[in-house]
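Just so it is clear: chains get the letters A, B, ... in the order the sequence lines come, proteins before strands, and each one is counted from 1.
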Amino acid sequence: MANNETNENPAGRDFIRAIVADDLAHNRTGGRVATRFPPEPNGYLHIGHAKSIALNFGIAEEFGGVCHLRFDDTNPETEDVKYVEAMQRDLRWLGYDWGDHLYFASDYFEQLYDWAVQLIKDGKAYVDDLTDEEIRAYRGTVTEPGKPSPYRDRSVEENLDLFARMRAGEFEDGARVLRARIDLASPNMKMRDPVMYRIRHAHHYRRGDEWCIFPLYDWAHGQSDAIERITHSICTLEFENNRELYDWFLDALDIPEPRPHQYEFARLFLDYTVMSKRKMLQLVNEGHVSGWDDPRMSTVAGMRRRGYTPESIRNFANGVGVARVNSRVQFELLEYHVRSDLNHKAPRVMCVLRPLKVVIENYPEDKVEWLDAPYWPHDVPKEGSRPVPFTREIFIERDDFMENPPRKFYRLSPGKEVRLRHAYIIRCDEVVKDKQGEVVELRCSYDPETKSGSSVQRRVKGTIHWVSASESLPAEVRLYDRLFIKPNPDDVAEGATFLDALNPNSLEVLTGSRIEPSVASDPPASRYQFERQGYFIADAVDSRPGGLVFNRTVALRDTWRPGKPEPEPRPKMKTKEQGASAERTRGTASDARRRVREANPELIRRYERYRQEFGLSELDADLLTGDLASGDFFEAALATHPAPRSIANFMNNELLGRLGNSGFPALPFSPAEFAELVALVDEDVISTNIAKEILDEMVAKGGRPGEIVEQRGLRRIDDSEALRPIIDQVLADNPDKVAAYRGGKTGLLGFFMGQVMRATQGKANPQLVQQLLKERLA
RNA sequence: UGGGGGAUCGUCUAACGGCAGGACUGCGGCCUUUGGAGCCGUCAAUCGGGGUUCGAAUCCCUGUCCCCCAGCCA
């Protein structure tokens, strides 16, 4: 289900799709869905982008909408057309199509400028002469409000004049900026008069020298969305604070609904990789990797060169899940998707990475036997085979021979037999060593009766791959491992950087490998499985006929672990035990209530009275006396239904959570009506669950509980005779569950309860139902 | 310390207030001319403490921890 591009119900996949489906159902977007993928062309696309791409393009496709590709190119100093081209190439390779919807924020500069002028005229933007340091200082800190710039109250005329001259190029870089006039004291730093335009006398890769003022992200992005009539502007969590500003600009420009709305999700982090373009650029520039397309890079270009397929990346991106929790995905999940896609795409061939010579002494000297070897294993439903030459001298993998093998070593060792894949069973008769005592050659004999596919049923436990010594081709093989040694490369000691976490062994180059000759004339970038080794791809840049070079895409899963019986204990690193340590005084809600109460004798009086006279718990009394409004509502309700503990209970546990920002006074019903609802529960007229349902309705549109009960027939069902047939029906419908319950799975009682309650629309007396259920199930 | 978010198996992610499920990983078995694949099985979680409710991962209170915001980057 997770890795499934052909979804069943998109709305159920994640919270963003649920929002889109809901917006469509309520016609909030005029029936349209338009998303966008908005990269800044200052680097290469990476696996993190892939998640966003899959989300935005996926939503568009699933809901019959469109997804725009928009280059967010508002910063001339870092952007380049080469990145624009690379990004489009990578996007297409991944299999995404934006049709005609290719856009550039830099195409909107005129409109953005006109809108800025409009804001100035409305008194909502001004030119500021402060330096960047001064602006920073004036902005305040997260705990202290900022203060207005001395230029904040310039006249509209002066602002207009200055802004026009900014555009005309009269001022130096950084001399002036245009800022939105919002609120220097806002608790949201993003709202403290954000900068909209800066002066940069820089060459823009698309607009040339036409502009010397450039809009900043917050000013450009939402407005670009509005211009393109984007319905759902999906970005990552770190832009949460920007949403208020996003909406402020749209409001200030009077852009009516349906208009774009921003939603945030958690960006992807992958173990053993870095995900920032800045850090990737550093890896490239400082030569830690060979380029943006180094197969160790988690760029799309790197993964392509590594041999990953577009499908595997898409499946992974769709499989990681979209939520609002910061998370870090394990590398194994990516590798799983790569292997599972390649399994049925990569033909099997044999390549010996680290050769060891084997002479088959009872095989004729000059004979070359061409064996027919299927490209696909029995469980991949594909046809095709190639001829593989068998000769007296062959190479096998050094790892496949051990002079003193441990138990369960199903390969070759002195006196032991092994099957050569697609060929014969051989026995190791003699081990030849050099002066240093290193094994340099094996003398073996083969059993001519055991040719692969023949009817002879002699079986040996192990099968190894091999190539002919004389007929095989030399090859260079590059083995890649993770680029970093730490799951989170940024998690390094004080003073260290992610570069200190670089894996010195992330690349191993094997120059003496030998591969079977069938691959000689395959097209560039062909993928294979080298049997028993892994998936490989002919390197698109360096491999050529006569000079074959292969990159290891991913190794095969290997469950054989010699001499390692104990799996590593799993790290248990939850901070279960949180010290009940320091009693810091923080601005918590309970403190706030206490402070308010202590400053108001009336509230103290109430608190005491609620405790003494009404017998309320400390908690209930506290909650009702943190302000005047709560107690007022409480006491007014008491006048109708003098049951303080019930009222307090329902107020604190049910009403509180349903209260909007404006509190009790804004409720569309009176304390008396609320009291009436509580009384209905106390008098056993309705069940508590029904009361909550009614409360939902009252909060939404007011109404008298008594009338709602009668109109909708919500009285509690206390009649056993009425309940019994319903219970019996539920039990009859679920014989397996009944058996399981009787077998000891008593947790199922909740299931039966739920079924019965649903069948009665929540009206049944739950205690009664439970009692009857237990009787029936006994 | 202000504001905005968040916390479910080792990891990622589900669950109208009603059986805590799935995937990856691990472990075990079956199968196998790849120690691959496949199949079967299995270990494994609701951050802590109170409360409401017949019933709480979910609602209320409270504590703890984590992330984001003080670029003229995006």
Original post:
Where the side chain of A:Arg139 is concerned, which of B:A70, B:U32, B:C73 is the nearest nucleotide?
Top reply: B:A70

Subject >> Gap between atoms CG and P, on A:Leu749 and B:A20 respectively (whole Å) >> reply: 12 Å

Original post:
Under 3.5 Å, is there a donor-acceptor pair linking the side chains of A:Asp225 and A:Tyr246?
Top reply: yes

Original post:
Rounded to the Å, how far apart are A:Leu623 CG and B:C60 P?
Top reply: 11 Å

**OP:** Could you tell me whether the side-chain ring of A:Tyr217 sits stacked on the base of B:A74, using a centroid cut-off under 5.5 Å and a plane angle under 30°?
**Re:** no

Original post:
Which heavy atom in A:Tyr83 sits nearest to a heavy atom in A:Pro41, and how many Å separate them?
Top reply: CD1-O, 3.3 Å

Original post:
Would you call A:Glu449-A:Arg458 a salt bridge at under 4.0 Å N-O?
Top reply: no

Subject >> B:G35 base stacked by A:Tyr410 (centroids within less than 5.5 Å, tilt under 30°) >> reply: yes

Subject >> Counter-base of B:U42, judged by Watson-Crick or G-U geometry with both distances under 3.5 Å >> reply: B:G26

**OP:** State whether the distance check finds a donor on one side and an acceptor on the other, under 3.5 Å, for side chain A:Arg758 versus base B:G18.
**Re:** no

Subject >> Rounded distance in Å - CE (A:Met189) to C1' (B:A70) >> reply: 3 Å

**OP:** Considering just the side-chain nitrogens and oxygens of A:Arg198, establish if one lies under 4.0 Å of OP1 or OP2 belonging to B:A74.
**Re:** yes

**OP:** Measure the distance from CZ on A:Phe752 to C1' on B:C19 and round it to the nearest whole Å.
**Re:** 9 Å

Original post:
For A:Phe239 and B:G71, what is the distance between atoms CZ and P respectively, to the nearest whole Å?
Top reply: 15 Å

**OP:** Classify the nucleic acid contact of A:Phe409 as base, sugar-phosphate or nothing, counting any heavy atom under 4.0 Å across all strands shown.
**Re:** base

Original post:
With both distances under 3.5 angstrom, what nucleotide forms a Watson-Crick or G-U wobble pair with B:C65?
Top reply: B:G6

**OP:** Among the candidates B:U32, B:G5, B:C24, find the nucleotide nearest to the side-chain atoms of A:Arg324.
**Re:** B:G5

